[in-house]
Each structure stands twice: as structure tokens, then as C-alpha cells.
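Numbering of residues begins at 1 and proceeds along the displayed sequence. Atoms within a ligand are numbered from 1 in the order they appear, just like the ligands themselves.
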Amino acid sequence: MKKRNVDLICDVIDLISVFDAKKTNKDILQSVVSTVAWHMRAAVCSIYIYDEKSRYLTLHATQGLHPTAVGRVKLAQGEGLTGKAVQELRPICEGRATTSPLYRHFPGIEEEQYEAFLAVPILRGLRRIGALVVQDGVVDYFNQNDIKALRAIAAQLATVIENVQLLSEAHGKAGIPVGVPVAKKVPREQIIRGRSASSGTAKGRAFRLGSSPYESCILPDPSAPPHTVEDFKQSIQKTIKQINRLQQQTGKDLSDVAVLIFSAHLLILEDPQFSGRIIDLIDTGTPAVKAVSTVVNEFAEIFSSSKMPLIREKVLDVKDLGNRLTRNLFNEEADESDYRGQIIIAHELLPSDILKLSAENVEGFIVSSGVTSHNAIISRSLGIPMISIARDLADHIVIGEELLMDAEQGIIYLNPTDEVYTKYQELDAAWKALHSASDVKSKTEMKCGERVHIYANINLLSDLRPARKFKAEGVGLYRSEFPFIVRNDFPTEEEQYQIYKKLVDQMEGKSVTFRTLDIGGDKMLSYYSNVHEANPFLGMRAIRFSLQNQEIFCQQLRAFLRAGNKGNTRIMFPLISSVDDFIKAREIVFECMDELEADGLPFSRETQLGVMMELPSAVEVAEELAEEADFLSIGSNDLIQYMLAVDRTNEQVSNLYLAHHPAILRSINRIVSAARTHGKDISICGDISADPKMLQFLLGIGLRNFSIDIVNAPSIQRFVQETTMEKSMEMAKTMLGFGRISEVEAFLKMQPVISPKTS
Ligand code: PEP
Ligand code: MG
């Protein structure tokens, strides 16, 4: 059947002009999508409405997608093809949407079968109102005429949609689809979209971190006899036992970072001002649960108003304690006093909170203040999914409601249906298959026989288990800051030595590259607060901190050198900005070697010293750095951040953080060439290699050493095995010829998607 665009425009205008009080807004939008789909002979037509406050688009009406998608599907501005069309105020037309890097897949809405895609923004002047989208199963279905027709309709729709928003506002329900009944207690399935910070899937009940015991879903039974002081004392004993057990277990599993992390809990419990005051309140007739929550809140208030960050950090500890005491009052089983079956929603999280909650069996994290790189790294290491979402969306989640996190795609389902649960199970199985170690080979080779080396990025000592399981050829990056971040003071040389030695011993002779302390930026030490910086990413970070605090630097270097006594170890410095920085750091290493010799402590003089290439200034002097250093390692996460001046933790500009920017491609190529010219070892340890298209580029410019989040090893290895040097070099050559981001994107879009096979 032929498309009838002229008729279509007339019909839609007619429809809108007869729109009157007899019809609801929902009806009119539904009629528009049906009319457009019919006239364009398109399988799908949908209308999204944009909320300026949250900067999210919500699906309000659809013909062709699953009806339950209405109100559930939300996209941030700039997200997916539709979000991009709205952000850039221009139509986006794709012949094969699934090959676009912008394509976002929502499971369960039956969208995957439609390849042809056309999104047109609905605007009033330059104000964003929403988007009109058509989709069809026939590839390349939409043309220039369709774009013109849809634009004409979008222009007419702006007024209708403004009316929808006005009415929603008047009813105090802005952003909630008109016509969808909203009753607080009726579970409604919804989808919230965020950004994945740590992959995986999780399901559980929502628990807001820091909420008071009353909110943690236990309500006192009014007919039960009131709790006595004796009951409370028993609850204290039970709590002490649980905490001691947790402390022991954590100390065993996470010996490098979890030393005494529950000690504050015990200290508070033993404080007579805390337990004694609760007992006094119960004695004078206050119900026990109320007495606990009163005193917990008083303590939380005192802690949170402290000037000392270390004290402020204890707010969550005291609230956690309150929850435990309350649950134990009700004699719940020990296991139920932890966070098993719960997904934590938090505005802010500290690395130590993540460790504690992981020990308490939390299922997943939803964070609303942006995710610091260290929180993301720690969650990944612990295998806990984490998604970052906007604050107002987080506030929308009701405590106790069922959540399902798909942290592969950054999607959260609220009160998921059975259908979505089934999809989740499939997803979970697929994730496990993709990350299964069963077919990982100890040697990675391209199809043409070219050898490639896969190393592990290690953040916590517990990462060593997966590193061995996934047959890492060594440790390409040990992020040494975690033992510093979770303690209350700088760890001593001896403490550090014990940790580093375990790392070297467990790698059994394989190479280990230590990175010196990389704090500052978004990785702050709560006990080192004499630095208050307006721009911490441009301030006292990484090697700058070490060079300025030589005593701390030397303790770490001595511990590294001693741990590497018999091993095959290297040391590298983060955020080097000049040859001079490197030479200064190297001189200090040599001084430490002399001191160790004088102290009669064994170490290896052969320890190689390298530079992390993370700054534009370092790229400019790559030749000289390659000449001086024993090896170079590209820290692409920071290199992209600093080359493009895009804060890697800032959601607002995340669409500008582009690994495929021509400047990044050329810089990486320059670094690799410089290392080659000087015969020095070169590797890459940022997240860039997890993207198959970027990986092929990196192979094409000659990189052979990849240090990665080791769970990605199976998919990276499979990809390498399926490609050749020739193909990669050809791709790299073409990509290096582009000067525009759009050219690189168009080229990448044309490349076949090589999906890693799971067997
Ligand atoms: C990097 O910047 O790419 C890197 C590996 O270091 P980090 O992510 O720890 O800053
Ligand atoms: Mg870095």
C-alpha cells in the first residue's frame, strides 16, 4: 500500500482542530498516533512528551508498541535516537536503527523487530515539547517526504501537548501520563532509565539508605505486648554478635580494604549516651521502636552537622544500627537483619558504605548524585549492579516496592510484571553465558595468528580470584588507592607491604604493574581534608599529591619495591604531565631503593618504571616520555576526560564524552607510535577496549597489551579471535583520516556489529 502523506497532514490537522472538551487529551494523542501510522503505512507511531524539570521524555501514546510501554518508557534528553532528536532539535532518520550507536533497546515493548526509524522533535520555537516517532520493519522505509510530513504534524501537535502538560500540572501530577490512573497503593509498572555504573542484573525491594527504622517495612503489631528493657538488651546482644560475625567475614574476604569497617557500629552501641538513653526512654513509657528511632535520629543529626568528614560519614552507620536493633527487637532471623533481597537507593554512597552493604548481602545500588569513579569500580569489583539516575526519579521510587535492575542497559523496572520477570531471567542467563569463563583460553590470538595479551585491572584483592579464573596474563593496573580510601588514616608501609605481597604471591610469577596512589578528583580521602579545591580534577591529584607528600609517596614506593622482591613487577605513575614529573618521581624511587639497601631489606633494582598517558600535555611530549620511561600505559578514561574537557562523572555532559572523537583516536595513535619508535612496551588500561569497535581500532594501530575489567575477558577474547590484523589496520587507517566526529560515527555505523558469541 502506498503512503499518503498529504492526506495524512490534512487528517491530523482535522483531528486536532475538532479536538474539544468532549475528548480527553489521551484520546486525541492516541487518535493522532493511529492516524499517522495508518497513513504512513508504518508499523509503529509514538508520541513522547518532554518534562523540562527532569529533562526526561516519557512515552505517552503509541500505536504498535506494547500498550504497557506507555508511561513506562523514559529517555533522558540526548539518550537513544529519540532523545538525540530532541536534544539536537532535528529529525533523526535511520534505515537500520539497531546498528546505530545511539540505539537503545527496551526489553518487553516489542520494538526490536522494527529497523526503520524516524524521530522528529516537537517544538514551540526552540522549546522542547516532545517527539513524534515512526518505526517499521522494512529497512530504509522512511524518506525525505516522510520527514517533511512528520515535521508538519509535529508543528501542529505542540499546542495539544502543552494542554496535556497544563492539565497534568493542574492536577499536581506533572510528568504522569494523562488517563493512566495513579493510586499510591496500586502497584504500577514503570521503567526508569539511568546510566549503568556496574553491570549485572538484580531484583529486590527498594530500601532508601538512611531511612529510619519505621520506614524499613516492619510495623509493630498493635496487639502484641510492648517491648521491655530486657527485650531491648537482648536485641543489643544479638546485634553485637551479628556485627562481630560480619566484621570477621569481611576481614577474611576483603583483607586489603575492610579492616574494622564495622568498628563504629560497636563503639556507638557501647556508648551509654546511646544505648543508655534508649533504655531510659523505654523505662519511662516510650515504645521501644520509637525510643530507638528517637535516639538514632538525635545521633544522626549530631553527626551530620559535624565539621569533620570522618564524623559525617557515620550517619549511615548509626541509621544502619537503628535498623538492626529494631529488626532484632522483632526477633527476625539474623539473615533478615541484613540487606539480602533489597536494592539500596541512596543519594550519596561512600566506598566504605559499599563494602559494608556488600558484606550485608545487598542486591544492587541505585544512586542519585552521580557515581564517582571509585564507587563504580568498587561495585564492579564486588559484582554488585549499580545504576545512576536523576534525583527526582529516585524520589519517585516507593520504599518496599519491587524493583528489577538491568544494569547492562541502565534500566530499572518498578513493580515489574511476570512477563518482565521472565525476560529478566533470560537476560540474567545471557549475562552469565557472556561472562562465563568456561571457554577462555590462556593465550589470545587473532585469526591471523597475531598474539594479543590480556591483563587484569585489579582494584581489590578479591579481584584476583576472577583474574585467575579468566586466565589473565598478569595485572596490567593495580589501583592502589582503595586501601587508602576506606581507612581512617594513611596505611603504614608494613600494612601496604602485606597487601602488595599478597597480590604478587597470588599472581604466581606473572607480571604485576602497580600504580602509585591516584587520589584527588572525585577520589577524596576523608581524613586528608586540608585540600579544598574549586576544581579538584585540575588540582592536587595523583602524582601531584605524591610529589607534594613525599613521606607518604616513599612509604608506598618502599612497600611496592619490597613486595616485588622476587616477582615480576613494575611501577607506574598516574597523571604525569611532563618529562620533568616523571624524572622527579623516578629519582624518588631511586632514593627509596638506596634506603632499602641501607636498611638491608630485599627488593628488586630491576623494577621497571612507567608513565600513565592521561593528559594532553603528556601526548605532546610522548616521544620524550617514551625515551625516558621503561614503558607507557594509556589511561583512556582520563585521557578522554582531559582531552575533551568533559568531567567523566558529570551526567549533564556525558554525551560529549566520546572515545571515538578524532582527537582521541589520533592521540592514542601518537602515543603508540612514540612507544614503538623507542622500542618501549605499550599497553592500554582504560575502559575503551571494552567496546568492540574501539578495540578493533586499537588493534589496528598496533596495540597488543590490554588491561581490562577482567569480567570482559571472554567477550574481548572472542572478538580478537574473530578478527585479523589486516582488517583492523584498514579500519584504523580510515578512522585516523577523519576530522569530524560525525564522519567517525557514520563510518562506525556502517561496520557490521560483531556480537561476541556465547559458545
Ligand atoms: C584511566 O584513566 O583510564 C585509568 C585506567 O585510571 P582510572 O580509571 O583509575 O582513573
Ligand atoms: Mg586515570
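- Residue, atom and distance of the protein heavy atom nearest to atom 9 (O) of ligand 1 are Arg479 NE, 2.7 Å.
- Among the atoms of Asp518, no N, O or S atom falls under 2.8 Å of the Mg ion (ligand 2).
- With respect to Lys502 and Asp256, no salt bridge is recorded, no charged nitrogen being found less than 4.0 Å from a carboxylate O.
- Considering Arg704, Lys443, Lys727 in turn, Arg704 is the only one that fulfils the salt bridge (Lys or Arg N to Asp or Glu O under 4.0 Å) rule with Glu450.
- Partners of Asp681 by salt bridge (Lys or Arg N to Asp or Glu O under 4.0 Å), not counting sequence neighbours, listed by chain and number: Arg570.
- Partners of Tyr497 under the ring-ring contact (aromatic ring centres under 6.0 Å, His included) rule, at least two apart in sequence or in another chain, do not exist in this structure.
- When each atom of ligand 1 is checked for a heavy atom of Gly635 under 4.0 Å away, the hits are 1 (C), 2 (O), 3 (O).
- Atoms of ligand 1 lying under 4.0 Å from any heavy atom of Leu477, numbered from 1 in the order shown and given with element: 5 (C).
- Contact annotation for Gln641 and ligand 1: no heavy atom of the residue comes within less than 4.0 Å of the ligand.
- Annotation: atom 3 (O) of ligand 1 to nearest protein heavy atom, Asn637 N, 2.7 Å.
- Heavy-atom contacts of Cys685 reach the following atoms of ligand 1: 5 (C) (cutoff under 4.0 Å).
- Between Glu623 and Arg670 there is no salt bridge, since no side-chain N of the basic residue sits under 4.0 Å from a carboxylate O of the acidic one.
- Within Glu614, the N, O or S atom lying nearest to the Mg ion (ligand 2) carries the name OE2.
- Annotation: the span from Asn457 atom CG to Arg479 atom CZ amounts to 5.0 Å, rounded to 0.5 Å.
- Sorting the N, O or S atoms of Asp638 by how far they are from the Mg ion (ligand 2) puts OD2 first.
- Counting protein heavy atoms only, atom 6 (O) of ligand 1 is closest to Arg515 NH1, 3.0 Å.
- Taking the charged nitrogens against the carboxylate oxygens, Arg451 and Glu445 have no contact shorter than 4.0 Å, which rules out a salt bridge.
- Considering backbone and side-chain N/O of Glu481, none are found under 3.5 Å from N/O of ligand 1.
- Ring orientation note: the planes of Phe490 and Phe484 are nearly perpendicular, at an angle over 60° on the 30°/60° scale.
- Checking Thr607, Leu503, Leu561 one by one against Phe514, the side-chain contact (heavy atoms from CB on, under 4.5 Å) holds for a single residue, Leu503.
- When hydrogens are left out, the protein atom nearest atom 8 (O) of ligand 1 is Arg648 NH2, 2.8 Å; that is the closest non-hydrogen contact.
- The Arg541 neighbourhood of ligand 1 comprises atoms 10 (O), with distances under 4.0 Å to a heavy atom of that residue.
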